[in-house]
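Single-structure report; data block below.
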Amino acid sequence: MIAKWGASWLLLAWAGLAQGADSLSEAQRQAIEARIQPVGQLYIEGDQPATAQAGGERSGEVVYQKACFACHATGMLNAPKPHTDDWQPRLAKGMDTLVQHALNGFNAMPPKGACPDCSEAELRAAIEFMSAK
């Protein structure tokens, strides 16, 4: 008797789930597809980026907000915080050295930080933005 009830409930539950998936509106389907899209796309250096950058080069502040903020705002793993004296010993090494560190990675920072599609000029602008007082 219990087995019949269990089988009946299982059949009803399966039928309800199957019906629910078919009854989604087109707007609901599109909303679900948008939520499960990949966060980003990967390309190999030298290839064209997966998406073109509209409007040309980004400002240092835009790059900072997009890619640098997570580590530099908190000082994570000794990342120098923006607009502080943390930058003075680094600036003493020269801007070209800092740009090379940003391009190639340095200590805990990976190459290009969290901005794989940033140009050298954009990374330089981000460093200038963060190091300005």
Side-chain angles (χ1 to χ4, degrees):
M1 182 71 162
I2 294 176
K4 287 183 182 180
W5 279 92
S8 297
W9 281 107
L10 183 61
L11 183 60
L12 287 172
W14 178 77
L17 289 174
Q19 180 182 8
D22 291 338
S23 65
L24 292 175
S25 70
E26 185 60 30
Q28 289 171 320
R29 285 183 196 276
Q30 289 176 354
I32 290 169
E33 288 177 9
R35 282 195 308 266
I36 63 173
Q37 288 296 311
V39 177
Q41 296 178 357
L42 178 69
Y43 70 96
I44 297 172
E45 190 171 348
D47 290 347
Q48 290 297 320
T51 56
Q53 294 297 322
E57 216 168 80
R58 295 167 285 193
S59 72
E61 184 175 8
V62 168
V63 172
Y64 167 75
Q65 292 295 335
K66 173 190 179 277
C68 310
F69 177 83
C71 295
H72 284 276
T74 63
M76 182 185 298
L77 299 170
N78 295 321
K81 292 182 180 181
H83 316 300
T84 65
D85 289 333
D86 293 353
W87 286 93
Q88 293 313 311
R90 292 161 175 91
L91 289 170
K93 295 178 182 177
M95 183 58 74
D96 290 338
T97 300
L98 292 176
V99 171
Q100 288 306 307
H101 287 171
L103 279 171
N104 301 314
F106 186 74
N107 292 334
M109 185 175 74
K112 292 191 173 184
C115 191
D117 63 337
C118 280
S119 69
E120 183 175 336
E122 289 172 327
L123 292 172
R124 180 180 294 272
I127 294 167
E128 289 170 351
F129 171 77
M130 287 188 285
S131 64
K133 282 193 168 189

Notebook entry, point to check: In the single-linkage hydrophobic clustering (I, L, V, M, F, W, Y; side-chain heavy atoms under 4.5 Å), do M130 and F106 co-cluster?
Noted result: no
By side-chain contact (heavy atoms from CB on, under 4.5 Å), A31 pairs with (sequence neighbours left out) R35
message = Could you see if W87 belongs to whatever hydrophobic cluster contains M76? Use Ile, Leu, Val, Met, Phe, Trp, Tyr and a side-chain cutoff under 4.5 Å.
response = no
CD (E122) and CD1 (I127) are apart, to the nearest 0.5 Å, by 12.5 Å
Value for CZ (F129) from NE2 (H72), rounded to nearest 0.5 Å, stands at 12.0 Å
For residues 91-103, please give each side-chain donor-acceptor pair under 3.5 Å, one per line with the distance, not counting sequence neighbours.
| unit_1 | atom_1 | unit_2 | atom_2 | d |
| --- | --- | --- | --- | --- |
| D96 | OD1 | R124 | NH2 | 3.0 |
| T97 | OG1 | K93 | O | 3.2 |
| Q100 | OE1 | N104 | ND2 | 3.2 |

Distance col, row E128:CD vs S59:OG, nearest 0.5 angstrom, shows 11.5 Å
All heavy atoms of E57 vs all of A121, minimum pair found to be OE2-CB, 3.4 Å
Heavy atoms of P82 and Y64 approach each other most closely as CG-OH, 3.2 Å
Correct closest heavy-atom pair for R58 and C115 would be NH2-SG, 4.0 Å
**Message:** Using a strict SG to SG cutoff of under 2.5 Å, would you count C71 and C68 as disulfide-linked?
**Reply:** no
